[in-house]
Amino acid sequence: MSASVSPSVQAAELPSTNGKTEQPAAGETTATNGTSPKPAAATPAKQQQANQAAANDGSQPNTSLYVGELDPSVTEAMLFEIFNMIGPVSSIRVCRDAVTRRSLGYAYVNFLNSNDGERAMDQLNYSLIRGRPCRIMWSQRDPALRRTGQGNIFIKNLDEGIDNKALHDTFSAFGNILSCKVAVGEGGSLGYGFVHYETQEAADNAIEHVNGMLLNDKKVYVGNHIPRKERLQKIEEAKARLPTCKSRGFGFVNYEHHDAAQNAVTELHDMDFHGQKLFVARAQKKTEREEELRRSYEAAKNEKLSKFEGVNLYLKNIPEEFDDERLREEFAPFGTITSCKIMRAPSGISRGFGFVCYSAPDEANKAVAEMNGKNDG
DNA sequence: GATGAGCGC
(Lines give C-alpha, C1' and ligand atoms only; values in the text may rest on other atoms or scores of the structure.)
Protein backbone atom coordinates (compact mmCIF):
# COMPACT_ATOMS: atom_id res chain seq x y z
CA MET A 1 0.00 0.00 0.00
CA SER A 2 1.23 3.47 -0.84
CA ALA A 3 2.35 5.76 1.94
CA SER A 4 1.05 8.84 0.16
CA VAL A 5 -1.18 11.03 2.21
CA SER A 6 -4.54 12.26 1.17
CA PRO A 7 -4.59 15.98 1.92
CA SER A 8 -8.35 16.27 1.79
CA VAL A 9 -8.73 17.17 5.45
CA GLN A 10 -6.26 20.02 5.29
CA ALA A 11 -7.71 21.09 2.00
CA ALA A 12 -11.10 21.59 3.54
CA GLU A 13 -9.63 24.16 5.92
CA LEU A 14 -8.01 26.22 3.19
CA PRO A 15 -9.68 29.25 1.73
CA SER A 16 -10.87 28.53 -1.75
CA THR A 17 -8.88 30.42 -4.30
CA ASN A 18 -11.27 30.05 -7.17
CA GLY A 19 -14.71 29.94 -5.61
CA LYS A 20 -15.24 26.42 -6.83
CA THR A 21 -15.36 23.32 -4.72
CA GLU A 22 -11.89 22.13 -3.78
CA GLN A 23 -10.69 19.12 -5.62
CA PRO A 24 -9.13 16.77 -3.12
CA ALA A 25 -5.70 16.16 -4.47
CA ALA A 26 -5.75 12.46 -3.96
CA GLY A 27 -4.91 11.53 -7.46
CA GLU A 28 -1.66 9.90 -6.50
CA THR A 29 -2.85 7.97 -3.57
CA THR A 30 -4.40 4.57 -3.43
CA ALA A 31 -5.18 5.02 0.22
CA THR A 32 -8.85 5.39 0.88
CA ASN A 33 -10.84 5.29 4.01
CA GLY A 34 -14.50 5.38 4.58
CA THR A 35 -14.70 9.08 5.42
CA SER A 36 -12.66 10.71 2.70
CA PRO A 37 -14.31 11.78 -0.50
CA LYS A 38 -13.94 9.35 -3.34
CA PRO A 39 -10.43 9.42 -4.77
CA ALA A 40 -10.49 12.39 -7.05
CA ALA A 41 -10.69 12.01 -10.75
CA ALA A 42 -7.60 14.20 -10.54
CA THR A 43 -6.17 14.96 -13.93
CA PRO A 44 -8.48 13.52 -16.51
CA ALA A 45 -6.83 10.89 -18.63
CA LYS A 46 -7.14 13.03 -21.74
CA GLN A 47 -5.53 15.99 -20.01
CA GLN A 48 -2.68 13.80 -18.82
CA GLN A 49 -2.13 12.51 -22.32
CA ALA A 50 -2.12 16.05 -23.64
CA ASN A 51 0.36 17.12 -20.99
CA GLN A 52 2.62 14.23 -21.74
CA ALA A 53 2.44 14.92 -25.45
CA ALA A 54 3.31 18.53 -24.85
CA ALA A 55 6.24 17.55 -22.66
CA ASN A 56 7.44 15.14 -25.29
CA ASP A 57 7.46 17.67 -28.07
CA GLY A 58 9.48 20.03 -25.92
CA SER A 59 6.79 22.53 -24.93
CA GLN A 60 5.55 22.80 -21.38
CA PRO A 61 2.19 21.46 -20.29
CA ASN A 62 2.00 24.29 -17.72
CA THR A 63 0.43 22.04 -15.13
CA SER A 64 3.19 19.70 -13.91
CA LEU A 65 5.85 20.96 -11.54
CA TYR A 66 8.94 19.40 -10.02
CA VAL A 67 9.51 20.77 -6.51
CA GLY A 68 12.96 20.14 -5.10
CA GLU A 69 15.20 20.92 -2.08
CA LEU A 70 12.47 19.67 0.23
CA ASP A 71 13.09 18.74 3.82
CA PRO A 72 12.44 14.98 4.20
CA SER A 73 9.64 15.74 6.62
CA VAL A 74 7.61 17.58 3.97
CA THR A 75 4.46 15.66 3.06
CA GLU A 76 1.90 15.78 0.28
CA ALA A 77 -0.51 17.43 2.70
CA MET A 78 1.86 20.33 3.38
CA LEU A 79 2.48 20.84 -0.28
CA PHE A 80 -1.22 20.72 -1.03
CA GLU A 81 -1.89 23.50 1.48
CA ILE A 82 0.63 25.68 -0.24
CA PHE A 83 0.09 24.92 -3.90
CA ASN A 84 -3.69 24.71 -3.80
CA MET A 85 -3.71 28.39 -2.89
CA ILE A 86 -2.59 29.11 -6.43
CA GLY A 87 -5.24 27.02 -8.11
CA PRO A 88 -6.90 23.62 -7.90
CA VAL A 89 -4.29 20.91 -7.52
CA SER A 90 -5.07 17.60 -9.17
CA SER A 91 -2.38 15.50 -7.57
CA ILE A 92 0.80 15.63 -5.53
CA ARG A 93 3.45 13.00 -4.97
CA VAL A 94 6.45 13.20 -2.70
CA CYS A 95 8.99 10.75 -4.11
CA ARG A 96 10.28 8.25 -1.61
CA ASP A 97 12.84 5.51 -1.41
CA ALA A 98 11.13 2.30 -2.45
CA VAL A 99 12.45 0.41 0.53
CA THR A 100 12.82 2.87 3.39
CA ARG A 101 9.98 5.19 2.26
CA ARG A 102 12.18 8.11 3.24
CA SER A 103 11.52 11.24 1.16
CA LEU A 104 13.97 11.79 -1.68
CA GLY A 105 13.57 15.52 -1.17
CA TYR A 106 11.46 16.25 -4.20
CA ALA A 107 7.86 16.07 -5.27
CA TYR A 108 5.51 16.51 -8.21
CA VAL A 109 2.65 18.93 -8.07
CA ASN A 110 0.06 18.75 -10.83
CA PHE A 111 -2.49 21.48 -11.38
CA LEU A 112 -5.86 21.01 -12.93
CA ASN A 113 -5.77 24.17 -15.00
CA SER A 114 -3.09 25.25 -17.42
CA ASN A 115 -1.14 28.38 -16.40
CA ASP A 116 -1.53 27.65 -12.70
CA GLY A 117 1.89 26.02 -12.95
CA GLU A 118 3.28 29.27 -14.28
CA ARG A 119 1.66 31.22 -11.47
CA ALA A 120 2.94 28.78 -8.86
CA MET A 121 6.40 29.15 -10.32
CA ASP A 122 6.19 32.95 -10.07
CA GLN A 123 4.73 33.06 -6.60
CA LEU A 124 6.14 30.06 -4.80
CA ASN A 125 9.61 29.42 -6.20
CA TYR A 126 12.23 29.76 -3.42
CA SER A 127 9.54 30.17 -0.75
CA LEU A 128 10.29 28.49 2.56
CA ILE A 129 8.72 25.11 3.25
CA ARG A 130 9.63 23.87 6.69
CA GLY A 131 12.31 26.53 6.75
CA ARG A 132 13.94 25.52 3.47
CA PRO A 133 13.66 27.39 0.20
CA CYS A 134 12.05 25.11 -2.35
CA ARG A 135 13.22 25.03 -5.96
CA ILE A 136 10.50 24.69 -8.54
CA MET A 137 11.03 23.53 -12.11
CA TRP A 138 8.81 22.24 -14.84
CA SER A 139 8.44 18.52 -14.65
CA GLN A 140 10.65 17.20 -17.42
CA ARG A 141 10.51 13.46 -17.73
CA ASP A 142 13.09 13.33 -20.46
CA PRO A 143 16.43 13.45 -18.61
CA ALA A 144 18.46 14.33 -21.73
CA LEU A 145 18.53 18.06 -21.07
CA ARG A 146 19.62 17.60 -17.47
CA ARG A 147 22.37 15.22 -18.47
CA THR A 148 24.06 17.34 -21.15
CA GLY A 149 24.72 20.27 -18.84
CA GLN A 150 24.04 22.55 -21.81
CA GLY A 151 23.31 26.08 -20.62
CA ASN A 152 24.43 25.38 -17.06
CA ILE A 153 26.61 28.06 -15.51
CA PHE A 154 28.56 28.37 -12.27
CA ILE A 155 28.88 31.61 -10.29
CA LYS A 156 31.35 32.23 -7.46
CA ASN A 157 32.39 34.99 -5.09
CA LEU A 158 28.75 35.81 -4.43
CA ASP A 159 27.98 38.22 -1.62
CA GLU A 160 26.32 36.42 1.29
CA GLY A 161 23.32 38.67 0.88
CA ILE A 162 22.50 37.19 -2.52
CA ASP A 163 19.90 34.45 -2.18
CA ASN A 164 18.19 32.21 -4.72
CA LYS A 165 15.68 34.86 -5.67
CA ALA A 166 18.26 37.61 -6.09
CA LEU A 167 20.41 35.29 -8.19
CA HIS A 168 17.40 34.36 -10.30
CA ASP A 169 16.42 38.01 -10.80
CA THR A 170 19.94 38.98 -11.83
CA PHE A 171 20.36 36.17 -14.31
CA SER A 172 16.85 36.03 -15.74
CA ALA A 173 17.80 38.99 -17.93
CA PHE A 174 19.82 36.71 -20.22
CA GLY A 175 17.36 33.93 -20.96
CA ASN A 176 14.89 31.43 -19.68
CA ILE A 177 16.05 29.81 -16.44
CA LEU A 178 15.27 26.15 -15.82
CA SER A 179 16.85 26.00 -12.38
CA CYS A 180 18.73 28.36 -10.10
CA LYS A 181 20.32 27.86 -6.69
CA VAL A 182 22.75 29.41 -4.23
CA ALA A 183 24.72 26.76 -2.35
CA VAL A 184 24.07 27.01 1.37
CA GLY A 185 25.69 25.60 4.48
CA GLU A 186 24.88 25.86 8.16
CA GLY A 187 25.77 29.54 8.22
CA GLY A 188 23.89 30.50 5.06
CA SER A 189 25.28 31.17 1.59
CA LEU A 190 28.50 29.42 0.63
CA GLY A 191 29.17 32.18 -1.89
CA TYR A 192 28.60 30.19 -5.03
CA GLY A 193 25.66 29.04 -7.06
CA PHE A 194 24.25 27.67 -10.27
CA VAL A 195 21.97 28.88 -13.01
CA HIS A 196 20.78 26.41 -15.59
CA TYR A 197 19.43 28.07 -18.73
CA GLU A 198 17.28 26.53 -21.38
CA THR A 199 19.93 27.28 -24.00
CA GLN A 200 23.70 27.61 -24.23
CA GLU A 201 23.19 30.97 -25.99
CA ALA A 202 21.59 32.35 -22.83
CA ALA A 203 24.46 30.94 -20.77
CA ASP A 204 27.05 32.54 -23.08
CA ASN A 205 25.14 35.79 -22.87
CA ALA A 206 25.15 35.71 -19.07
CA ILE A 207 28.85 34.85 -18.92
CA GLU A 208 29.71 37.66 -21.31
CA HIS A 209 27.72 40.26 -19.39
CA VAL A 210 28.24 39.31 -15.74
CA ASN A 211 31.65 37.62 -15.47
CA GLY A 212 34.01 40.01 -13.66
CA MET A 213 31.23 42.44 -12.79
CA LEU A 214 30.38 43.73 -9.32
CA LEU A 215 27.34 42.22 -7.61
CA ASN A 216 26.71 43.83 -4.21
CA ASP A 217 30.24 45.27 -4.48
CA LYS A 218 31.80 41.85 -5.00
CA LYS A 219 33.48 40.91 -8.26
CA VAL A 220 31.85 37.68 -9.34
CA TYR A 221 33.13 34.89 -11.53
CA VAL A 222 30.67 33.47 -14.03
CA GLY A 223 31.59 30.55 -16.26
CA ASN A 224 30.26 27.36 -17.74
CA HIS A 225 29.53 24.76 -15.14
CA ILE A 226 32.06 21.95 -15.14
CA PRO A 227 31.08 18.79 -13.25
CA ARG A 228 33.39 18.05 -10.34
CA LYS A 229 34.84 14.90 -11.89
CA GLU A 230 35.68 16.63 -15.15
CA ARG A 231 37.23 19.52 -13.29
CA LEU A 232 39.51 17.33 -11.17
CA GLN A 233 40.48 15.45 -14.31
CA LYS A 234 41.43 18.71 -16.04
CA ILE A 235 43.54 19.77 -13.06
CA GLU A 236 45.39 16.45 -13.17
CA GLU A 237 46.05 16.83 -16.89
CA ALA A 238 47.38 20.33 -16.37
CA LYS A 239 49.69 19.11 -13.60
CA ALA A 240 51.06 16.39 -15.85
CA ARG A 241 51.88 18.86 -18.58
CA LEU A 242 53.58 21.46 -16.37
CA PRO A 243 57.28 21.12 -15.51
CA THR A 244 57.98 20.51 -11.84
CA CYS A 245 60.84 23.04 -11.80
CA LYS A 246 61.52 26.33 -13.52
CA SER A 247 62.82 26.20 -17.09
CA ARG A 248 66.37 27.53 -17.57
CA GLY A 249 65.32 28.85 -20.92
CA PHE A 250 67.32 26.62 -23.22
CA GLY A 251 67.14 23.16 -24.65
CA PHE A 252 68.36 20.81 -27.37
CA VAL A 253 66.81 19.32 -30.48
CA ASN A 254 68.44 16.39 -32.29
CA TYR A 255 67.58 15.82 -35.94
CA GLU A 256 68.12 12.62 -37.76
CA HIS A 257 69.78 14.39 -40.69
CA HIS A 258 72.24 17.27 -40.79
CA ASP A 259 70.25 19.03 -43.51
CA ALA A 260 67.24 19.35 -41.25
CA ALA A 261 69.38 20.79 -38.44
CA GLN A 262 70.97 23.25 -40.86
CA ASN A 263 67.54 24.22 -42.09
CA ALA A 264 66.25 24.81 -38.56
CA VAL A 265 69.16 27.17 -37.83
CA THR A 266 68.55 29.10 -41.06
CA GLU A 267 64.80 29.34 -40.61
CA LEU A 268 64.43 29.75 -36.87
CA HIS A 269 67.43 31.68 -35.55
CA ASP A 270 66.53 35.24 -34.50
CA MET A 271 62.89 34.50 -35.19
CA ASP A 272 60.29 36.09 -32.91
CA PHE A 273 58.95 33.37 -30.63
CA HIS A 274 56.32 34.18 -27.97
CA GLY A 275 57.61 37.74 -27.85
CA GLN A 276 61.27 36.76 -27.60
CA LYS A 277 64.04 36.39 -30.14
CA LEU A 278 64.82 32.72 -30.53
CA PHE A 279 68.48 31.62 -30.48
CA VAL A 280 69.08 28.60 -32.67
CA ALA A 281 72.60 27.31 -33.37
CA ARG A 282 74.63 24.15 -33.60
CA ALA A 283 74.83 22.53 -30.18
CA GLN A 284 78.26 23.03 -28.61
CA LYS A 285 80.05 21.25 -25.79
CA LYS A 286 80.08 23.35 -22.64
CA THR A 287 83.86 24.02 -22.91
CA GLU A 288 83.48 24.91 -26.57
CA ARG A 289 80.71 27.36 -25.78
CA GLU A 290 82.70 28.90 -22.89
CA GLU A 291 85.73 29.32 -25.14
CA GLU A 292 83.64 31.09 -27.75
CA LEU A 293 82.08 33.43 -25.19
CA ARG A 294 85.52 34.23 -23.72
CA ARG A 295 86.86 35.04 -27.17
CA SER A 296 83.96 37.25 -28.12
CA TYR A 297 84.26 39.10 -24.79
CA GLU A 298 87.97 39.58 -25.45
CA ALA A 299 87.25 40.86 -28.94
CA ALA A 300 84.71 43.36 -27.66
CA LYS A 301 87.20 44.58 -25.07
CA ASN A 302 89.93 45.00 -27.66
CA GLU A 303 87.60 46.88 -29.95
CA LYS A 304 86.77 49.27 -27.15
CA LEU A 305 90.47 49.74 -26.36
CA SER A 306 91.39 50.46 -29.94
CA LYS A 307 88.44 52.79 -30.29
CA PHE A 308 89.72 54.85 -27.33
CA GLU A 309 93.36 54.54 -28.36
CA GLY A 310 94.97 57.99 -28.48
CA VAL A 311 91.71 59.88 -27.97
CA ASN A 312 90.56 58.95 -24.45
CA LEU A 313 92.08 60.85 -21.51
CA TYR A 314 92.18 59.69 -17.96
CA LEU A 315 91.82 62.51 -15.44
CA LYS A 316 92.39 62.52 -11.73
CA ASN A 317 92.11 65.11 -8.96
CA ILE A 318 88.88 66.38 -10.44
CA PRO A 319 87.30 68.80 -7.98
CA GLU A 320 84.58 67.05 -6.02
CA GLU A 321 81.89 69.56 -6.97
CA PHE A 322 82.37 69.02 -10.73
CA ASP A 323 79.66 67.29 -12.69
CA ASP A 324 80.01 65.82 -16.22
CA GLU A 325 78.75 69.03 -17.77
CA ARG A 326 81.22 71.20 -15.93
CA LEU A 327 84.07 68.87 -16.95
CA ARG A 328 82.92 69.05 -20.56
CA GLU A 329 83.01 72.88 -20.45
CA GLU A 330 86.60 72.80 -19.16
CA PHE A 331 87.82 70.50 -21.94
CA ALA A 332 85.67 71.70 -24.83
CA PRO A 333 88.15 74.33 -26.08
CA PHE A 334 90.59 71.63 -27.35
CA GLY A 335 88.31 69.70 -29.70
CA THR A 336 85.15 67.71 -30.21
CA ILE A 337 84.26 65.68 -27.11
CA THR A 338 82.57 62.35 -27.90
CA SER A 339 82.12 61.32 -24.25
CA CYS A 340 82.83 62.71 -20.84
CA LYS A 341 82.34 61.06 -17.47
CA ILE A 342 83.23 61.52 -13.82
CA MET A 343 83.23 58.20 -11.96
CA ARG A 344 81.06 58.08 -8.86
CA ALA A 345 80.40 55.80 -5.90
CA PRO A 346 76.91 54.21 -5.70
CA SER A 347 76.04 56.94 -3.20
CA GLY A 348 76.64 59.46 -6.01
CA ILE A 349 79.75 61.01 -4.47
CA SER A 350 82.54 61.81 -6.95
CA ARG A 351 85.53 59.49 -6.94
CA GLY A 352 87.66 62.38 -8.18
CA PHE A 353 88.62 60.76 -11.48
CA GLY A 354 87.06 60.37 -14.87
CA PHE A 355 87.46 60.30 -18.68
CA VAL A 356 87.22 62.73 -21.55
CA CYS A 357 87.22 61.33 -25.07
CA TYR A 358 87.97 63.39 -28.19
CA SER A 359 87.16 62.66 -31.79
CA ALA A 360 90.86 62.81 -32.86
CA PRO A 361 94.30 62.17 -31.23
CA ASP A 362 95.60 65.69 -31.89
CA GLU A 363 92.70 67.15 -29.94
CA ALA A 364 93.51 64.84 -27.04
CA ASN A 365 97.20 65.76 -27.22
CA LYS A 366 96.34 69.44 -27.17
CA ALA A 367 94.17 68.97 -24.08
CA VAL A 368 96.96 67.10 -22.27
CA ALA A 369 99.45 69.86 -23.13
CA GLU A 370 97.17 72.62 -21.93
CA MET A 371 95.44 71.03 -18.94
CA ASN A 372 97.84 68.59 -17.31
CA GLY A 373 98.86 69.87 -13.88
CA LYS A 374 96.57 72.83 -14.18
CA ASN A 375 95.04 74.11 -11.00
CA ASP A 376 91.33 74.87 -11.09
CA GLY A 377 91.78 78.07 -9.11
C1' DG B 1 37.97 29.23 -2.33
C1' DA B 2 34.07 27.14 -4.27
C1' DT B 3 31.61 23.52 -10.20
C1' DG B 4 24.26 20.49 -7.07
C1' DA B 5 20.97 17.27 -8.30
C1' DG B 6 17.12 16.03 -10.50
C1' DC B 7 11.81 13.61 -12.94
C1' DG B 8 6.43 9.65 -11.22
C1' DC B 9 1.94 7.29 -11.55
Side-chain angles (χ1 to χ4, degrees), chain A residues 1-6 25-31 39-45 47-49 51-52 54-56 58 60-61 63-70 72 76 79 89-98 101 103-111 117 125-126 132-160 162 164 167-168 177-185 187-197 203 206-207 211 218-235:
Chain A
M1 183 176 260
S2 164
S4 304
V5 174
S6 166
E28 300 288 341
T29 182
T30 57
T43 313
Q47 177 68 52
Q48 279 204 348
Q49 279 166 13
N51 289 350
Q52 193 53 50
N56 287 343
Q60 294 299 340
T63 58
S64 277
L65 299 179
Y66 165 97
V67 184
E69 320 295 326
L70 297 175
E76 277 89 353
L79 294 173
V89 164
S90 66
S91 65
I92 293 180
R93 162 171 292 243
V94 170
C95 294
R96 298 176 182 281
D97 181 276
R101 305 309 298 164
S103 166
L104 296 173
Y106 65 91
Y108 297 99
V109 173
N110 300 307
F111 285 99
N125 204 3
Y126 313 121
R132 279 172 49 164
C134 68
R135 179 168 55 90
I136 306 177
M137 299 168 65
W138 294 110
S139 169
Q140 175 63 63
R141 298 181 104 109
D142 180 2
L145 197 66
R146 291 190 290 275
R147 295 215 182 113
T148 62
Q150 279 272 319
N152 203 6
I153 62 171
F154 171 73
I155 303 110
K156 67 179 173 184
N157 206 27
L158 282 172
D159 183 82
E160 60 178 12
I162 295 175
N164 289 332
L167 191 69
H168 188 116
I177 294 174
L178 300 177
S179 166
C180 166
K181 185 168 113 180
V182 172
V184 288
S189 170
L190 293 175
Y192 64 93
F194 313 89
V195 174
H196 196 162
Y197 286 102
I207 292 166
N211 186 29
K218 286 189 79 171
K219 191 173 166 182
V220 294
Y221 165 88
V222 185
N224 280 311
H225 172 267
I226 305 162
R228 189 184 164 78
K229 262 192 212 154
E230 245 174 74
R231 206 173 130 263
L232 294 177
Q233 203 175 310
K234 269 188 191 169
I235 290 168

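In this text the structure is predicted, and so the values were computed from the model without any measurement. We name chains A, B, ... by the order of the sequence lines, and we start the count at 1 in each one.
Heavy atoms of A/Pro227 sit under 4.0 angstrom from primed sugar atoms or phosphate atoms, though from no base atom. Within the 4.0 angstrom heavy-atom criterion, no nucleotide atom of any strand lies near A/Gly68.
Here A/Tyr66 does not lie in a stacked arrangement on the base of B/dG6, lacking the combination of planes under 30° and ring centres under 5.5 Å apart. Applying the 5.5 angstrom centroid cut-off and the 30 degree plane-angle cut-off, the aromatic ring of A/Tyr108 is stacked upon the base of B/dG8.
Across the protein-nucleic acid pair, A/Ile235 atom CD1 and B/dG1 atom P stand 14 Å apart, rounded to whole Å. A/Lys156 places its NZ atom 16 Å from the C1' atom of B/dG4, with the value rounded to the nearest Å. Nucleotide B/dT3 holds its C1' atom 13 Å from the NE2 atom of A/His196, rounded to whole Å. When rounded to the nearest whole Å, the span between CZ of A/Arg93 and C1' of B/dG8 equals 6 Å. Taking atom CH2 of A/Trp138 as the reference point, atom P of B/dA5 lies 25 Å away to the nearest angstrom. Per the geometry, CD1 belonging to A/Ile155 stands 13 Å off P belonging to B/dG4, to the nearest Å. Here B/dA5 presents its P atom at 14 Å from CZ of A/Arg146, a figure rounded to the nearest Å. Between A/Asn110 atom CG and B/dC7 atom P the separation is 16 Å, expressed in whole Å.
Taking 4.0 angstrom as the limit, A/Arg231 places a side-chain polar atom (N or O) nearer than this to OP1 or OP2 of B/dT3. At the phosphate of B/dT3, OP1 or OP2 sits under 4.0 Å from a side-chain N or O atom of A/Arg228. Contact check, A/Tyr106 against B/dC7: a side-chain N or O comes under 4.0 Å of OP1 or OP2.
Checked against B/dG8, B/dA5, B/dA2, the side chain of A/Tyr192 finds its nearest nucleotide in B/dA2. For A/Gln140, the listed nucleotide lying nearest its side chain is B/dC7; candidates were B/dG8, B/dC7, B/dG4. Side-chain atoms of A/Arg135 lie closest to B/dA5 of the nucleotides B/dC7, B/dA2, B/dA5.
The existence of a salt bridge linking A/Glu69 and A/Arg132 is excluded, since no basic side-chain nitrogen approaches an acidic carboxylate oxygen closer than 4.0 Å.
Checking A/Thr63 against A/Asn110 by side-chain atom types alone, no donor-acceptor pair falls below 3.5 Å.
Side-chain N or O atoms of A/Arg135 include none that pairs as donor or acceptor with a backbone N or O of A/Asn164 at under 3.5 Å.
Both A/Glu69 and A/Val109 lie near DNA chain B, and the one whose nearest nucleotide falls closer to the 5' end is A/Glu69.
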- request: Determine, step by step, whether A/Tyr197 and A/Ile177 satisfy the side chain to side chain contact (heavy atoms under 4.5 Å, CB included) criterion, reporting the C-alpha distance in whole Å, the side-chain angles of both residues, the deciding distance to 0.1 Å, and the verdict.
  value: CA-CA 4 Å; A/Tyr197 286 102; A/Ile177 294 174; 3.7 Å; yes
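Relative orientation of the A/His168 and A/Tyr126 rings is perpendicular, given thresholds of 30° and 60° on the angle between their planes.
Glycosidic torsion of B/dG6 falls outside 90° of 0, placing the base in anti.
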